[in-house]
Each structure stands twice: as C-alpha cells, then as structure tokens.
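Every heavy atom of this structure was used, including side-chain atoms; hydrogens, water molecules and symmetry mates were not.
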There are 2 protein chains.
Amino acid sequence: MAKQTPTPDTNHSNLDQRKASILEAVVAEHVDTAQPVGSSAVTQNAKLEVSPATVRSEMVALERQGYLVQPHTSAGRVPTDKGYRYFVDHLKAGKLGAAKQQHIGDFFASVRGEVEDVLEQTATMLSKLSNYTAVVLGGSSSTAPIVSVQLVNLDAHHQLLVTVFSDGTVLKHSVIVDFEVDHNDVAEASKQLNALLHGTTTADKVQVPSRQDDVATMVRESVAVLHAERPTHEGEQVFIGGSSKVAESMDGVDNVRNVLAILEQELVVVSMIEEVLAEDVAVKIGSENQLETLASCAVIVAPVTVEGETVGAVGLLGPTRIKYSELMATTRTVSEHLTRHFEGDKER
Amino acid sequence: MAKQTPTPDTNHSNLDQRKASILEAVVAEHVDTAQPVGSSAVTQNAKLEVSPATVRSEMVALERQGYLVQPHTSAGRVPTDKGYRYFVDHLKAGKLGAAKQQHIGDFFASVRGEVEDVLEQTATMLSKLSNYTAVVLGGSSSTAPIVSVQLVNLDAHHQLLVTVFSDGTVLKHSVIVDFEVDHNDVAEASKQLNALLHGTTTADKVQVPSRQDDVATMVRESVAVLHAERPTHEGEQVFIGGSSKVAESMDGVDNVRNVLAILEQELVVVSMIEEVLAEDVAVKIGSENQLETLASCAVIVAPVTVEGETVGAVGLLGPTRIKYSELMATTRTVSEHLTRHFEGDKER
DNA sequence: TGCTAGCAGTCAATTCTACTGAGTGCCAAG
DNA sequence: CTTGGCACTCAGTAGAATTGACTGCTAGCA
C-alpha cells in the first residue's frame, strides 16, 4: 500500500498541485460569474488536461477539507473563506494593468492641496478605480513640531485650544476650568503657551508653571489636554469613498444596511482597519473579520509608512467574491504613491 | 341645471371637503401600509359616512385631476406627488409626541463640545429618531471676528494660512507664491497678518501694504485668499447621519445606489438643501426635486437662524411615502433647539 | 493505481396553469 | 346624489410539470 503516493491527501495546509489548480480555477470562475462552478467549467478553464470526472473526485476531497462548499446537491461548488484564504496566500504578487497604473500615477501627479483633501480625493479615486468602497486612514500628527498655539475664549468656563503643527495639521481641544476666566488672562495664557510649546512635539515633555493663579492653571490644563494620551485613534481621520458601491456589490438589503451602518461609525472602521494592519496581514476574508456583520466581506489593507512609522492606511471593502490579485495590487500601488507623496512633502 | 351645486369639480387647487378627506385618508393609509388603497379601506378609515361606491366615484375624479393613480386596473389608488403636495399644503401644523419632544430636549440638554461635534451628533440623533437619513448643514463663519492668523511654511512656494475665529472656527487656506520664500519672511508675514487682521471679520476691508517685497506679497496674497468671495457653499459643512437608513427605506437597489451616490457628493447635498430653503418651502416631494435621481424621495428642511440670518439647516431625506406631519414637526423642533443652542452660545 | 466515460439521481430554477381575491366601473333603483 | 349589486379585470400565489446543470458512483481501461 505504501508506494510513492503523489497524492498524499494531507490535512495540512498544503494541497497537491492539481487540487491547487482546481481551487484556483474555481475561485477565478466564481469571482467572474458569481455562480457556483461545476466540474466541466473547471476543465475548460484550467490548463489541466483531465476529464470532468477526475475534477469531480478532486472537488469532493477539496470539499471534505473545507475549501469548497456546495450550495445544494445538484449545484457546482463555491469557495469557502478557507478556500479564498488558500488562494490569496498562494497568490504570486500580481501586476497591475498599465492603464490603471497610469491612472493612479496621473492622479498623484496632479493632486494638490492640503493633506485632508488629498486623502479624501484618494479615497474617491480608489473607489472609482476599483468599483468598491475605499477607506483611507490619515494618521495623527504627533510627530510634527508645533508652530503656534492659540487659546480662544468661548464662554466663562470654556476655552478652545487651537494648535497648528508645522505640517499644516490643526487640532482643536476643549479646555474647561472651574473658575470664571478673565479675557486678559486668556491672552496671557495664550502667550505663555506659545513660548512654552513652540517647536516642541506632543511627545516632548515641557516644564509647566506650578503657580496656582488662573493663567498658570489654564496653561497647565491646556498642555495636559494636548499631551493627554489620546483614547486610541483620536486624531485619526477616516475618509470613505464610494459608500454607494456597497449597494452594488453586496447582495441582500440587510447586508447592505449592516455594512453601511458600520461605515457610519468611524471608530469601528478605524479599529477594523487597524486590526488587519496589526496582524501584518493585508487581507481579511469573510469570517476572519472580527465583526460578524462583515462575514460576507473581504477587506484589503495596505499601510502608509513614512520614515518607518505607520502614519495611515489604504483599504478596500468588498464582497468575498472579489478580484484579490488585482485589487491587492491596486491597494499596494496607491499606498506606495501616498507614501511617496508624503515623503516628498517632508523633503522639500 | 344651474342649481346650488356644492361640488363644482373645479380644476383649481381646491378640492371640496369630501375629496380632501378621501385624499387624506388615502395618503394616511398608504403611508402606513405601503399598499395601494381601495375604496372600502377609505370608508373604514375616514370619518366619512358614505359607501365605498361613492368613494369610488370621487376617486375617479381625484385621479382625473392628478392626485391619485392606479398601479394597475384592479388595484387601489396611490397618491401622486401632486397628491402628497396637496396633503402637505393643507396639513395643520402637527404636534410632536411628548416622548420624542422629551428625547430631543434631553439630547440638547446634554450635548457638549465643539460646533462640529454638536452638528454631527445632531445628525445622528435625528436619524435615529426618525429612522431616515438626516442632513445637518453648518453655515460658514464669516461673521465672527478673527482671533489669530498663522502662516505656516509647507514648502518653498507653498504656505498654509490658518485662521482662528472667536467662535472657535478654524479655516485653512493654501497660499502659493511664485518666488522661493525665506523662513524668516514667513514669520514676519505672520506677524503682520496678525496685526492687520486681528479683530476684523472676513467681510471687513483692510489696508494691505503695497510694497513689492516678498513679505508684503505674502501678506497681500493671504488676505486675498481669505477675503476671496467663496465659491458658493465653501466653508459650509455637511453632516450626514444614518445613510444606512437609505437601504431600509428606499426600495430597489438602483434607487439605493443612486441616493447614496448623491449623499456622497457634499456639494450636491448642499445645493439640494439650499434649493428647498431658497424657495421658503419646507418640503420637496418626488419630482419637485431638481435631481431626477430623487424622484422617489421626499426632502424636509428647516432653517437654523441666528439673529435673523440663516446659518445652517436641518434636513431629512426619505421616500415620498413618509409621515409628513410627524417628521416636519420633528425637523422643526430640532432646528429650533439648534437655533437656541447657538444663540445661547452667543449670549454667554 | 489512477483516469475516464457513462449513467442514474438530485434538486434549484423555470414555466405553465388555474385559481383567488381585492378592487374597479357601471347601472339601475332609492 | 347616493347606494347596492354585478360583471369584469388583473396581480399575485400556489401547485404541477419540465428542464437542465450538476453530482456521485461504478465499471472498464491504460
């Protein structure tokens, strides 16, 4: 019995050559047609020179191992999340079509304006290019030095701290004190804050006055607010492009509604994206997502890194039935351009 | 023939009492059930003491006049846009249920934070309350005096002008010059701008230096950018709450996608809202909307006015089949609260 | 031992038919 | 002017029959 079996039917993550080809063909076909894929379709599509019957028996094995499922007895097969996962993991880095590459290049060559605008437009562009929903995350700005600080009086107990960073970012924070402030004191506090903080970053420690007068209190409060460890992701900005694509690409009203509901909650979107980044995986497929609601979605994410630090991310959200190869390449390309764009800004 | 006919069957915008009641009943029933309404349903619902047959002949007349339509021969009637319009125009100002009134009151009693946050939360609240998509417009801030101006160097030809207003608004503008700027010049220009603009509003004229050196040029450019007549609605902020409700309330994937696509384009949303406000009408029904895509939608808008000036708006977007009375009351209530909220801020 | 052709079986999707029932329009009588 | 009654229309539904795209299995072949 123990000959040199070329088809060991292991339970491990490896499939023999032919099974892999078949799985690949099923994924490709299903992505294309949205229909269950039958054995004969596979024989026509894949470069395999075997009969449908052979494919069938292989598919039985693939199903037993959890890579495929049958919607019902007399239907073809559809990839499971595990099937997609295998497909994605064994994907050789795809190349992006010249036309799309050109398109992205042109976009970044012509885009102007402030950071927010660039990110927003990137999201829109990526969504149009891919026909799926795009998410762009802009990192917080704690690295840039502070150019100017301004304390603005809103009402007796309520000031607004406006901080301008050298990269053009502006942050606003509410500052609340428990005494009635004097107008001149605010001006004075503003002046002191400027002297104190100009040129520093939010990571730097500064010497705050320890006096107990109103001005000193305001200064202390302001610095505290600004330096406060942000509840995760505060300051992260989220730009979503093409949320209407959800209606096209997902099926089932409930699904559409649920996914849209998630996109409305920026914090959820941020953590969803960061989750993917954290594990250093670029793709989450279906049930791999933490959120149950996204069980029918695939998320592709690429980080934007400047000087080795992750300052943002580019993501795509679509159904699991998606052109992984192309879209992964697209996402990567856009993130690289974005990285270059920001590094370019830095240099100048 | 010329008796004292109490039913003159005019083509004018007036319907006799009974027709009006019937139309009202049809609208009410259809809003409730989403089904075409038959004659007997009307007799049960309306307080009319007439037989279905009578109602039928009246409905024929209403159909001839364009207030109702039949989806097909053997179905009940459905209101047309014109029918809804008549209904809305003859609606006596509805009262809002105590529970909802309470809810809104509680919300505004507890809401804190900066203007943007308040508007954003208002949109979310209104959407949850109504179960439709809410739109909140925050007006531009040209009325508040300037507290501080800061010119930030981004690259050799490229500065960012950050303007802080006394109400806490912050505006950013790009300033581009055609010479290589010196770092010190930027600081000097910043200083001069502050001296020049502090305490003024963007509507005030200021005396700019006419010298031809770099600093003066930057100052002139900056003031010009800041005072530039904004392309309509620049600076308007749009907050959309509950876009996922679109998926629930509109039927037909195409419809959902189209409406979502509109909501993505902030400028379009702004002009849509302003269009309703401009004509001093609170409601646009179906084909009354400029945008064809919104032919199956109703838009309800109420302005937010502070000191007689319209500074924003509150809107709801739903299908034409909507509870006009209640939702108009809701929208009005929220806009009044918002008005009071901002006036309260002003006073302090 | 692995591949393949062929065959019987399964079952979603489609088509057809008949039927139901909500609702109309019209008419004749009150 | 209103109303009851009646014939008619037609979308929607339910059931039966048909189709066809698959499969699993088995027996024969290299």
Side-chain angles (χ1 to χ4, degrees), chain A residues 1-10 15-19 21-23 25-26 29-30 32-65 67-80 251, chain B residues 1-9 15-19 21-23 25-26 29-30 32-65 67-79 251:
Chain A
M1 269 208 184
K3 284 200 181 175
Q4 29 159 345
T5 36
T7 322
D9 202 348
T10 60
L15 296 176
D16 72 61
Q17 185 55 42
R18 198 167 65 186
K19 284 200 186 63
S21 298
I22 291 175
L23 177 55
V26 171
E29 184 76 8
H30 179 67
D32 223 53
T33 62
Q35 299 285 327
V37 182
S39 52
S40 65
V42 171
T43 57
Q44 286 166 19
N45 218 308
K47 55 241 150 214
L48 292 170
E49 297 286 332
V50 289
S51 78
T54 312
V55 171
R56 254 174 266 153
S57 63
E58 293 287 49
M59 295 213 292
V60 173
L62 281 168
E63 181 162 13
R64 223 184 343 250
Q65 292 173 65
Y67 293 100
L68 298 176
V69 271
Q70 265 182 308
H72 55 87
T73 326
S74 71
R77 257 90 172 187
V78 164
T80 58
D251 30 30
Chain B
M1 270 213 182
K3 285 197 184 177
Q4 27 158 347
T5 37
T7 323
D9 202 348
L15 297 176
D16 72 60
Q17 185 56 41
R18 198 167 64 185
K19 285 202 184 62
S21 298
I22 291 174
L23 177 55
V26 171
E29 184 75 7
H30 179 68
D32 223 54
T33 62
Q35 298 287 325
V37 182
S39 52
S40 65
V42 170
T43 57
Q44 284 166 20
N45 216 309
K47 55 242 146 207
L48 292 171
E49 296 286 332
V50 289
S51 78
T54 312
V55 172
R56 254 175 267 152
S57 62
E58 293 285 50
M59 295 213 293
V60 172
L62 281 168
E63 182 162 11
R64 225 187 339 254
Q65 292 173 64
Y67 294 99
L68 298 177
V69 271
Q70 266 183 306
H72 55 87
T73 326
S74 72
R77 256 87 173 190
V78 164
D251 29 33

Nearest-angstrom distance from the residue atom CZ of Arg64(A) to P of dT23(D): 15 Å
Which nucleotide in dG4(D), dT4(C), dC22(D) has an atom nearest any side-chain atom of Ser51(B): dG4(D)
Pairs under 3.5 Å (N/O, protein and nucleotides 27-30 of chain D):
none

Side chains of residues 71-79 of chain B: which donor-acceptor pairs under 3.5 Å do they make with residues two or more places apart or in other chains?
from: Arg77(B); atom 1: NE; to: Glu63(B); atom 2: OE1; distance (Å): 3.0
from: Arg77(B); atom 1: NH2; to: Glu63(B); atom 2: OE1; distance (Å): 2.8

Contact residues, residues 70-78 of chain B to DNA chain C [heavy atom, < 4.0 Å]: Gln70(B), Thr73(B), Ser74(B), Ala75(B), Gly76(B), Arg77(B)
Pairwise 5' ranking along DNA chain D for Pro52(B) and Glu63(A), keeping only the more 5' one: Pro52(B)
Which residues share a side-chain hydrogen bond (donor to acceptor under 3.5 Å, both in side chains) with Thr80(A), sequence neighbours left out: none
Nearest-angstrom distance from the residue atom CG of Leu68(A) to P of dG24(D): 11 Å
Under the side-chain hydrogen bond (donor to acceptor under 3.5 Å, both in side chains) test, residues paired with Ser21(B) that sit two or more places apart: none
Any Ser39(B) side-chain nitrogen or oxygen under 4.0 Å from OP1 or OP2 of dG23(C): no
Divergence of helical axes at both termini of the helix from dT1(C)-dA30(D) to dG30(C)-dC1(D) - five pairs an end, 10° steps: 20°
Arg56(A) side-chain N/O to dT26(D) phosphate OP1/OP2 under 4.0 Å: no
Rounded distance in Å - CD1 (Ile22(B)) to C1' (dG23(C)): 15 Å
Euclidean distance, Leu23(B) CG relative to Arg18(B) CZ, rounded to 0.5 Å: 14.0 Å
side-chain hydrogen bond (donor to acceptor under 3.5 Å, both in side chains) involving Ser51(B) - partner list, sequence neighbours excluded: Thr54(B)
Comparing Val37(A) and Thr54(B) on DNA chain D - which has the more 5′ nearest nucleotide: Thr54(B)
Partner set under side-chain hydrogen bond (donor to acceptor under 3.5 Å, both in side chains) for Thr43(B), not counting sequence neighbours: none
Distance, rounded to the nearest Å, where Asp16(A) contributes CG and dC3(C) contributes P: 10 Å
Contact summary for Gln65(A) and Lys19(A), nearest pair of heavy atoms: NE2-CE, 4.0 Å
Beyond-backbone contact of Val50(A) with Glu58(A), side-chain heavy atoms, under 4.5 angstrom: no
Sequence-distant partners of Ser57(A), side-chain contact (heavy atoms from CB on, under 4.5 Å), two or more places apart: none
Sugar-phosphate only, base, or nothing, as touched by Glu49(A) at under 4.0 Å among non-hydrogen atoms: sugar-phosphate
Least distance between heavy atoms, Ser39(B) atom then Arg56(B) atom: OG-NE, 3.3 Å
